[in-house]
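The shown structure was predicted, so the numbers you read here are calculated from the model rather than taken from an experiment. Throughout, a chain's letter reflects where its sequence line sits, starting with A, and its residues are numbered from 1.
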Protein chains: 2
Amino acid sequence: MPYTYDYPHPAVTVDIVIFTIEDDDLKILLIQRGNEPFKGKWALPGGFVEIDESLRRAAWRELKEETGVNAAFLEQFGAFGHPDRDPRERIITIAYYALIPAERLEIKADSDAQDARLFSMNDLPELATDHPKILRRALERVQEKIDDPVIALQLVPAEFTLTELQRVHERILGISLDKRNFRKKMLALDLVESTGGKRRDGRHRPASLYRAKDPADVPYR
Amino acid sequence: MPYTYDYPHPAVTVDIVIFTIEDDDLKILLIQRGNEPFKGKWALPGGFVEIDESLRRAAWRELKEETGVNAAFLEQFGAFGHPDRDPRERIITIAYYALIPAERLEIKADSDAQDARLFSMNDLPELATDHPKILRRALERVQEKIDDPVIALQLVPAEFTLTELQRVHERILGISLDKRNFRKKMLALDLVESTGGKRRDGRHRPASLYRAKDPADVPYR
DNA sequence: GCAAAAGTGTTTGAGGTACACCCATGC
DNA sequence: GCATGGGTGTACCTCAAACACTTTTGC
């Protein structure tokens, strides 16, 4: 028991809401806890902040441990620290969200997880402690930021169709958008350019492929 | 040394950026540290989170200790935890900002402060540790939120003139606004109403006084 | 040929921006 | 009477929203 203090100290964790789009659906990564407390319950991936590690670095480390991803859009959105959110001790968590295209995820159940997988935002299991609240706030934050068009670009492969990009907006906002208005606006922003290629998938007209015009808009790809 | 843990734990504080308008100027409250580290330097008011106290409650407690105010607009905007931001030990701080009319502030130098007073955002002293960064982020957050008209209402007395309200917008954004457009928009929003009263101050036409139409917009008054 | 998604323009309304002069008061 | 801030209206422009048909492909 080597670590002693004059006053009680809380533990500090980072938790990460990892959003992705899979099967035309907005999903998040959850892990099933393998140990008490909340054993068997699903929870946001996360873990303790090391004593000599910045908050952001801790978030990156956890993200990599759970998904293999070492480059992604990652942003802090809040701190949650109600005294009884964990039965072991006082734990304050700093919450981040990440936006990652599904094909880049290599989901791994980390050390104290029984299982890890994506869940649709429309079909979530019961979550541990205050994770429903954290998740709700994460979604609100992404919805507020979706007007910044680089957000949707994070959730789409390097080459994508405009319809795919539109679907990302629709799934995040939970509403449907007008195709003509969406395309007009997106092209006017001048952030994407045609690759010249087309994608054939099914018995209908092929879709033109686009990419982000400025690679800095999707730095982690 | 009664508090021992298996792993090292950081300390957690709350720091508060208290914005106000005084002398037609955007100001913040700073305290001059009375003890090491950073003795003599100016810093944001704040303090340690008690072990059984929520983050928000800690922020309220500190706010009251420094200003006597027990009701105000108070919002969390970020967590800052670079490992070497404090030389004593690892300290992670949860940052809040508050918006309070100057006349409600009763500034008190708390226990370990030599002094406490308002500083113009245009004339700040050198600040301790990462407080410049925290302050910058607080201002950015308020600027982002000023489009929500209830923000400016927090910084104005219960009765105010439209010019005063316009000045709040101007000082936060750091730009000047068109008087006619500002009034048109503010009145169209239907959030304020005339009290019928007028304020005479100086050798010019008296200004009509207004109040927030819905008291819930300024719940802390 | 038909089902299915891709692709394409115009009109309308709301809201933001630019802009200049008269009014009520104190001295 | 003059300096000072209070108070008012119109024209223009931009951008968001509504809206329907043709094209290309696979079967």
Report the distance from atom [atom1] of [X] to atom [atom2] of [N], rounded to the nearest whole Å.
X	N	atom1	atom2	result
B/R199	C/dT25	CZ	P	16 Å
A/N181	C/dT11	CG	P	15 Å
A/K179	D/dC19	NZ	P	16 Å
A/D24	C/dA5	CG	P	11 Å
B/D178	D/dA11	CG	P	16 Å
A/I175	D/dA17	CD1	C1'	12 Å
B/K198	D/dG5	NZ	P	18 Å
A/L209	C/dA5	CG	P	17 Å

Minimal non-hydrogen separation, A/I16 against A/A59, with atom names: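 In this case the closest contact between A/I16 and A/A59 is CD1-O, 3.1 Å.
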Got a donor-acceptor contact below 3.5 angstrom from the A/Q76 side chain to the B/G78 backbone?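 Side chain of A/Q76 to backbone of B/G78: no pair is present.
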Using a 3.5 Å distance criterion without hydrogens, assess whether the side chain of B/D148 forms a donor-acceptor pair with backbone atoms of B/V150.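 At least one qualifying donor-acceptor pair exists.
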Selected nucleotide, minimal atom distance to [X] side chain, candidates [options]:
X	options	value
A/A207	C/dG7, D/dG7, D/dA18	C/dG7
B/R203	C/dA5, C/dG26, C/dT17	C/dG26
A/R200	D/dC19, D/dG26, D/dG6	D/dG26

Does atom [atom1] of [X] have more than 12 heavy-atom neighbours from other groups under 6.0 Å away?
X	atom1	answer
B/R57	CZ	no
A/K41	NZ	yes
B/R200	CZ	no
A/E126	CD	no

Does [X] contact [N] through a side-chain donor or acceptor facing the base, at a distance under 3.5 Å?
X	N	value
A/D201	C/dA5	no
A/K184	C/dT10	yes
B/R180	C/dA20	yes

Give a yes/no on whether any side-chain N or O of A/T163 is located under 4.0 angstrom from OP1 or OP2 of C/dA5.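 No.
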If you compare every side-chain N and O of A/R205 against the phosphate oxygens of C/dA4 (OP1, OP2), does one of them come in below 4.0 Å?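 So the side-chain polar atoms of A/R205 never come under 4.0 Å of the phosphate oxygens OP1 or OP2 of C/dA4.
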Have a look at the helix from C/dG1-D/dC27 to C/dC27-D/dG1 and give the angle its two end axes make, five pairs each, rounded to 10 degrees.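 If I round to tens, the end axes sit 0° apart.
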Of A/H204 and A/K185, whose nearest nucleotide on DNA chain D comes first from the 5' end?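 Per heavy-atom nearest nucleotide, the more 5' residue is A/K185.
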Could you label the plane-to-plane angle of the A/Y97 and A/F19 rings as parallel, tilted or perpendicular, counting under 30° as parallel and over 60° as perpendicular?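 Taking A/F19 first and then A/Y97, their aromatic rings stand perpendicular (interplane angle over 60°).
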So what does B/S208 hit on the nucleic acid, given a heavy-atom distance under 4.0 Å: a base, only sugar-phosphate, or nothing?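 Counting heavy atoms under 4.0 Å across all strands, the contact made by B/S208 is with sugar-phosphate only.
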